[in-house]
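Each remark here refers to the structure printed beneath this line.
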Amino acid sequence: MQTTQMTHYEHPLTEKVRIYLRLDYLLRQMHHSSNQNDPWQYKIFFHALFDLLEILDQVQVKTDLAKDIEKQRQQLMNWLNIDGVDEYALQQMIDSMEHAHKALISSPRLGQNLREDRFLSSIKQRFSIPGGSCCFDLPSLHHWLHLNDEHKQQAMKGWLHELSELDEALSLWLKLTRESAQYKTNHARNGFFQYDAEDACLLRLEICAKDGVYPMISGHRSRFAIRFSPFVEGDPVASDIEFKLAIC
């Protein structure tokens, strides 16, 4: 039996969660690229790293994320009094969040050592220029790309370690946020669906790929609308599109 291919989407309902998802997206790119031995993947790593530092320069993430982690921890502590709860698993999660919170609070400015890294500083500006990472633009990068794999792996692990407090706290917050709601089946009549939410911050969708549509989402934490558009211009949209939705 052939498994139905589902396409997954996430959409933030607040600006803060929008930033969190972008940071998570860039960190996942960096982790993936750092495990590859392809020179082109290394350039993806650097692009993601410099984009991430740009966000951290523009937004004060550390304070907001620390507050959000602590808020989640307090909510989990209240669950310890509920009958039937797995206290051991819950306490482990609480301890993990407490550790992540303390590490984030005690850390210096996020990414500061990366900003001061001589090699990264020497190549960062060129990455903002289209095609600016060519060997004639950045001979130092070209040299680095031809070092042995062990040296490059160690360097990337070191750069990722400088973001470990952010990475750990953000991963925990997103994990609990994503798991706070279950998927429920919904129907979009003529490709449109709207809903009144209650203090929501993140939408998660599953859509059957064969339907040939993608969601255009607008709204905020108390009300949102989803309009499904055909990927191929001119294709009709089904009168009833079934999809799964989790309101976190």
Side-chain angles (χ1 to χ4, degrees), residues 6 8-28 30-31 52 55-56 58-111 160-186 193-207 215 217-226 243-248:
M6 304 297 288
H8 302 265
Y9 296 87
E10 288 188 330
H11 186 85
L13 294 177
T14 69
E15 184 59 29
K16 182 169 59 177
V17 177
R18 186 182 303 274
I19 297 298
Y20 289 173
L21 290 178
R22 285 175 177 165
L23 291 171
D24 178 62
Y25 171 74
L26 294 170
L27 284 165
R28 285 189 287 114
M30 292 171 64
H31 280 291
L52 186 144
I55 292 176
L56 294 180
Q58 295 175 3
V59 184
Q60 295 297 321
V61 174
K62 178 178 174 179
T63 302
D64 284 343
L65 184 55
K67 290 180 180 178
D68 288 337
I69 283 286
E70 178 61 17
K71 182 179 179 180
Q72 280 185 333
R73 191 181 73 87
Q74 292 294 335
Q75 290 173 341
L76 291 183
M77 290 181 66
N78 292 334
W79 293 356
L80 288 172
N81 300 322
I82 299 177
D83 292 337
V85 72
D86 186 339
E87 293 188 9
Y88 177 76
L90 188 56
Q91 188 61 57
Q92 279 196 317
M93 178 59 71
I94 291 172
D95 292 343
S96 296
M97 301 198 76
E98 183 175 9
H99 176 270
H101 180 265
K102 288 182 178 179
L104 188 63
I105 288 295
S106 61
S107 67
R109 183 187 178 196
L110 293 177
L160 279 167
H161 180 71
E162 295 295 331
L163 299 167
S164 59
E165 293 88 359
L166 169 66
D167 199 352
E168 181 184 6
L170 186 59
S171 295
L172 278 172
W173 188 88
L174 285 172
K175 172 181 170 61
L176 283 179
T177 299
R178 287 165 172 152
E179 294 178 352
S180 66
Q182 295 183 340
Y183 283 105
K184 295 181 180 179
T185 300
N186 289 275
F193 177 85
Q194 63 180 359
Y195 192 82
D196 291 331
E198 184 177 346
D199 203 27
C201 67
L202 175 67
L203 301 180
R204 308 184 72 204
L205 289 80
E206 285 187 355
I207 305 170
I217 304 173
S218 61
H220 45 79
R221 57 195 315 157
S222 60
R223 184 177 178 83
F224 61 87
I226 305 174
F243 66 102
K244 292 183 178 180
L245 174 67
I247 305 173
C248 307

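Owing to the predicted nature of the structure, the values given are computational and were not obtained by experimental measurement.
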Nearest 0.5 angstrom please: Arg221 CZ to Cys248 SG, how far?
12.5 Å

Any side-chain heavy-atom pair of Lys244 and Thr185 under 4.5 Å
yes

Under the rule for salt bridge (Lys or Arg N to Asp or Glu O under 4.0 Å), what residues qualify as partners of Glu206, not counting sequence neighbours?
none

Spacing of Asp167 atom CG and Leu26 atom CG [to the nearest 0.5 Å]
11.5 Å

Do Tyr195 and Leu245 make a side-chain contact, defined as non-hydrogen atoms from C-beta onward lying under 4.5 Å apart?
no

Report, as yes or no, whether the 6.0 Å neighbourhood of atom CD on Glu15 holds more than 12 heavy atoms from other residues, nucleotides or ligands.
yes

Is there side-chain contact between Arg223 and Gln194, with at least one heavy-atom pair below 4.5 Å?
yes

Nearest-0.5 Å distance, OG of residue Ser222 to CG of residue Asp199
9.0 Å

Between His101 and Met97, is the side chain to side chain contact (heavy atoms under 4.5 Å, CB included) condition met? List the steps.
CA-CA 6 Å; His101 180 265; Met97 301 198 76; over 6 Å; no

Set of residues satisfying salt bridge (Lys or Arg N to Asp or Glu O under 4.0 Å) with respect to Glu198, sequence neighbours excluded:
none

Please step through side chain to side chain contact (heavy atoms under 4.5 Å, CB included) for the pair Ile217 and Tyr9, ending with a clear verdict.
CA-CA 10 Å; Ile217 304 173; Tyr9 296 87; 5.7 Å; no

Could you measure the distance from the CE atom of Met93 to the CG atom of Leu172? Nearest 0.5 Å is fine.
6.0 Å

More than 12 foreign heavy atoms under 6.0 Å from NE2 of His99: is that the case here?
no

With a cut-off of 6.0 Å (strictly less than), are more than 12 heavy atoms of other residues, nucleotides or ligands near OH of Tyr183?
yes

Please name the pair of heavy atoms, one in Ile247 and one in Ala181, separated by the smallest distance, quoted to 0.1 Å.
O-CB, 3.1 Å

State, yes or no, whether a side-chain contact exists between Ser164 and Leu160 at a heavy-atom distance under 4.5 Å.
no

Steps toward salt bridge (Lys or Arg N to Asp or Glu O under 4.0 Å) verdict (Glu70, Arg73)
CA-CA 5 Å; Glu70 178 61 17; Arg73 191 181 73 87; 2.9 Å; yes

How close do Ala200 and Leu13 get, counting heavy atoms only, and between which atoms?
CB-CD1, 3.7 Å

Using a 6.0 Å cut-off, check whether atom NE2 of His220 has over 12 heavy atoms from anything other than its own residue.
yes

List the atom of Glu165, the atom of Ala103, and the distance in Å for their closest heavy-atom pair.
CG-O, 3.5 Å

Do the side-chain N and O atoms of Asp95 and Gln91 include a donor-acceptor pair separated by under 3.5 angstrom?
yes

Gap separating the OG atom of Ser180 from the CG atom of Leu202, nearest 0.5 angstrom:
8.0 Å

Note, Asp64 side chain near Val59 side chain (heavy atom, < 4.5 Å):
no

Taking all non-hydrogen atoms of both residues, which atom of Ile69 and which atom of Ala169 are closest, and how far apart?
CD1-O, 3.3 Å

Looking only at side chains, do Gln72 and Thr177 share a donor and an acceptor under 3.5 Å apart?
yes

Closest heavy-atom contact between Asp24 and Leu170?
N-CD2, 3.6 Å

Pair Asp68, Tyr20: side-chain N/O donor-acceptor within cut-off below 3.5 Å:
yes

Are Trp173 and Val17 side-chain neighbours, meaning at least one heavy-atom pair lies under 4.5 Å?
yes

Show, in sequence, the C-alpha distance, side-chain angles and deciding distance for Leu176 and Leu76, and conclude whether the side chain to side chain contact (heavy atoms under 4.5 Å, CB included) test is met.
CA-CA 10 Å; Leu176 283 179; Leu76 291 183; 3.8 Å; yes

Does the pair Leu23 and Leu52 meet the rule for a side chain to side chain contact (heavy atoms under 4.5 Å, CB included), with working shown?
CA-CA 6 Å; Leu23 291 171; Leu52 186 144; 3.9 Å; yes

Flag side-chain contact, heavy atom, 4.5 Å: Glu168 against Leu104
no

Heavy atoms, side chains only, cut-off 4.5 Å: are Asn186 and Ile226 in contact?
no

First locate atom CD1 of Ile94, then atom OG of Ser96, and finally report the distance between them rounded to the nearest 0.5 Å.
10.0 Å

